[in-house]
2 protein chains.
Amino acid sequence: MDLNRTAKSIADDCIGYRIRMLSRIFSRMYDDALRPHGVRFSQMNILTAVVLKGPIQPVEIGRLLSLEKSTLSRNVRIMEENGWLKSEPVSSGVGHRLRITKKGERLYHAAAPAWRHAQSQIEKLLGAEGARAISRVADQIQENE
Amino acid sequence: MDLNRTAKSIADDCIGYRIRMLSRIFSRMYDDALRPHGVRFSQMNILTAVVLKGPIQPVEIGRLLSLEKSTLSRNVRIMEENGWLKSEPVSSGVGHRLRITKKGERLYHAAAPAWRHAQSQIEKLLGAEGARAISRVADQIQENE
DNA sequence: TTATGTAGGTTGCATATACAACTATAGTGG
DNA sequence: CCACTATAGTTGTATATGCAACCTACATAA
């Protein structure tokens, strides 16, 4: 097949290209809204996991978010340096568990409205049907993992 | 509202968290398939744009893929160093345009089957309905941008 | 013609992401 | 008790991503 035709079929079908583009667009919108609070969207996602499931081991967050352990190791370090998370050794066994600090809780409360603002912008862009479709797909993938 | 409740509502509704997770999962699958060819998925996306629209200015690729110009500046440099792209000055005016090289064309041809393999894995995961839903959403967002 | 603006690009800085290789620790089979 | 394996985590290396600040070349208004 000729090069141009190959490229066209790739561009037409490629789920990955579309997902990455959506990821960049939406992440920028969340990050814009969160910037005044000095926290990134990806960090909010980690904080959310810790709030809901903490104390929790990094490796477990990795499973929840499909994040590689080395990525998490570095991201968590930054958040500890910012004073949002603290870690405690696991009672018996290897590893440690993460908790949110008071400072982290204040940040989370303060930033939540900005998150909501970005979220409603995005829902407007997507429409209710589009938002539902994405949630459905994501939840289905997470099950099959 | 209490912290846990806030986090729960964020986790339940968050489109961005879902999109980022899908982006990581799918990108890993494409990258796994492409690794033997020494090219990354994000690079294939840029190559595809150049094949379809080249000669093309970086800033124009940025508009197509929603990529910041500084990101593109660096990504393109790596691809030039790899000998896949070459740039020529614009006849009149500032900036330059990118073309794919012979080596780039060979790479693209060689890597396309790997791309197709990952693509079909992902479509199986998503189901035809899920894949269509994502394409529909992405195309709609791109229009409204 | 000069001041101003605009568009394309690069660079400094920071974070995000993953793979590979490594360390440390716990559990398990001989 | 020892060798082996599996799990959690860290570190080296590389790419991806974006913002802010800057540079340059062109366009345009005063």
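Atoms considered below: every heavy atom in the structure, side chains included; atoms not considered: hydrogens, waters and symmetry mates. Lettering follows sequence order; numbering is per chain, from 1. Bear in mind that the values here come from a model prediction, so they are computed numbers and not experimental data.
The two residues B:A114 and B:L34 make their nearest non-hydrogen contact at CB-CD2, 4.1 Å. The heavy-atom pair separating A:K103 from A:N82 by the smallest distance is NZ-O, 2.9 Å. What you find for A:E88 and A:P55 is that their closest heavy atoms are OE2-CB, 4.1 Å. Between B:L98 and B:S87, the shortest heavy-atom contact is CD2-CB, 3.6 Å.
Using a 4.0 Å cut-off on heavy atoms, none of the residues of residues 10-24 of chain A approach DNA chain C. Residues from residues 99-108 of chain A lying near DNA chain C, meaning a heavy-atom separation below 4.0 Å, are absent. Within residues 57-65 of chain A, no residue is approached by DNA chain C to less than 4.0 Å at the level of any non-hydrogen atom. Of the residues in residues 68-88 of chain B, those with a non-hydrogen atom less than 4.0 angstrom from any atom of DNA chain C are B:K69, B:S70, B:S73, B:R74.
Distance CZ (A:R40) to P (D:dA16): 17 Å, rounded to an integer number of Å. Put simply, CD1 on A:I56 is 10 Å from P on D:dG9, counting in whole angstrom units. Rounded to a whole Å, the CG atom of B:N45 is 12 Å from the C1' atom of D:dA16. Across the protein-nucleic acid pair, B:H96 atom NE2 and D:dA25 atom P stand 14 Å apart, rounded to whole Å.
Rounded to the nearest 0.5 angstrom, B:S27 OG and A:Y17 OH are separated by 14.0 Å. The line from CG of A:L125 to CZ of A:F26 is 6.5 Å long, rounded to the nearest 0.5 Å.
Taking 4.5 Å as the limit, some side-chain heavy atom of B:I122 sits within range of a side-chain heavy atom of B:Y30. Side-chain contact between A:L64 and B:M21 is absent, with no heavy atoms from C-beta onward closer than 4.5 Å.
Remark: B:E129 engages B:R136 in a salt bridge, criterion side-chain N to carboxylate O under 4.0 Å. Salt bridge B:R35/B:D32: present, at least one basic N to carboxylate O contact under 4.0 Å. The pair A:E68-A:R74 does not meet the salt-bridge criterion, since no charged nitrogen lies less than 4.0 angstrom from a carboxylate oxygen. Using a cutoff of 4.0 Å between basic side-chain nitrogens and carboxylate oxygens, B:K102 and B:E105 are scored as salt-bridged.
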**Request:** Go through the steps to decide whether B:S23 and A:R24 satisfy the test side-chain hydrogen bond (donor to acceptor under 3.5 Å, both in side chains), and finish with yes or no.
**Result:** CA-CA 10 Å; B:S23 173; A:R24 285 190 294 266; over 6 Å; no
Would you mind writing out the side-chain donor-acceptor pairs for residues 38-51 of chain B within the sub-3.5 Å range, not counting sequence neighbours?
| from | atom 1 | to | atom 2 | distance (Å) |
| --- | --- | --- | --- | --- |
| B:Q43 | OE1 | B:R40 | N | 2.8 |
| B:T48 | OG1 | B:M44 | O | 2.8 |
| B:T48 | OG1 | B:Y108 | OH | 2.7 |

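None of B:K86, B:Q57, B:E60 except one satisfies the side-chain contact (heavy atoms from CB on, under 4.5 Å) rule with B:R97; the exception is B:Q57.
If you walk DNA chain C from 5' to 3' and mark each nucleotide with an atom closer than 4.0 Å to a heavy atom of chain B, the marks span C:dG8 to C:dC19.
Taking for each of B:S42 and A:R97 the nucleotide of DNA chain D with the nearest heavy atom, the 5'-most of the two is the partner of A:R97.
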